[in-house]
Amino acid sequence: MVDVVLWSSLRRFADDKTSVEVDADTVGGILSGLIHLHPALKPHIERGVSVSVDGTIIASGRNEPVAHDSEVVLLQRIKGG
């Protein structure tokens, strides 16, 4: 299980939880697992979110592997320019 910390603006869509445990080993698996556990997150995830794994923002790469002891944070999309 991966413990996923939710950015404050996303918590209200996950029963106000600060983190959610998801059984996954990729970024895509985490996102799918979050939608399965908390369907209200679906539109926000589909619009785009940023995922931080061990302090590195994963802008794309749903196949990016995630270890069960990784620090994972789900944030609103961070756009660069």
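Hydrogens, waters and symmetry mates play no part in the numbers below; they use all other heavy atoms, side chains included.
Residue Leu6 comes nearest to Lys17 through the heavy atom pair CD1-O, 3.7 Å, listed as atom of the first residue, atom of the second, then distance. The minimum heavy-atom distance between Ala24 and Gly29, with the atom names listed, is CB-C, 3.4 Å. Considering every non-hydrogen atom in both Pro43 and Ala40, the closest pair reads CD-O, 3.5 Å. When all heavy atoms of Glu21 and Leu37 are compared, the pair lying nearest together is O-CD1, 3.5 Å.
Aromatic rings of Phe13 and His38 (six-membered ring for Trp) have centroids beyond the 6.0 Å cut-off, not under it.
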Checklist line | Worked verdict on Leu74 versus Leu31 for side-chain contact (heavy atoms from CB on, under 4.5 Å) | finding: CA-CA 9 Å; Leu74 185 71; Leu31 297 177; 3.7 Å; yes
Checklist line | side-chain contact (heavy atoms from CB on, under 4.5 Å) evaluation trace for Ile30 with Val4 | finding: CA-CA 8 Å; Ile30 287 172; Val4 182; 3.7 Å; yes
Item checked: side-chain contact (heavy atoms from CB on, under 4.5 Å) evaluation trace for Val49 with Leu75 -> CA-CA 6 Å; Val49 292; Leu75 309 104; over 6 Å; no
Margin query: Assess the residue pair Leu34 and Val20 against the criterion (side-chain contact (heavy atoms from CB on, under 4.5 Å)); give the C-alpha distance rounded to whole Å, side-chain angles, the decisive distance to 0.1 Å, and a yes or no.
Written below: CA-CA 8 Å; Leu34 287 169; Val20 177; 3.9 Å; yes
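The closest donor-acceptor contact from the side chain of Ser70 to the backbone of Ala67 lies under 3.5 Å. Asp25 places no side-chain N or O within donor-acceptor distance of the main-chain N or O of Val66, the cut-off being under 3.5 Å.
Checked by atom type, the side-chain pair Asn63/Thr26 shows no donor-acceptor distance below 3.5 Å.
Between the OG atom of Ser8 and the CD atom of Gln76 there is a distance of 8.0 Å, given to the nearest 0.5 Å.
More than 12 heavy-atom neighbours from other residues, nucleotides or ligands sit within 6.0 angstrom of NE2 on His68.
Considering only heavy atoms from C-beta on, Ser9 stays 4.5 Å or farther from His44 through its side chain. Between Thr18 and Arg11 there is a side-chain heavy-atom pair separated by less than 4.5 Å.
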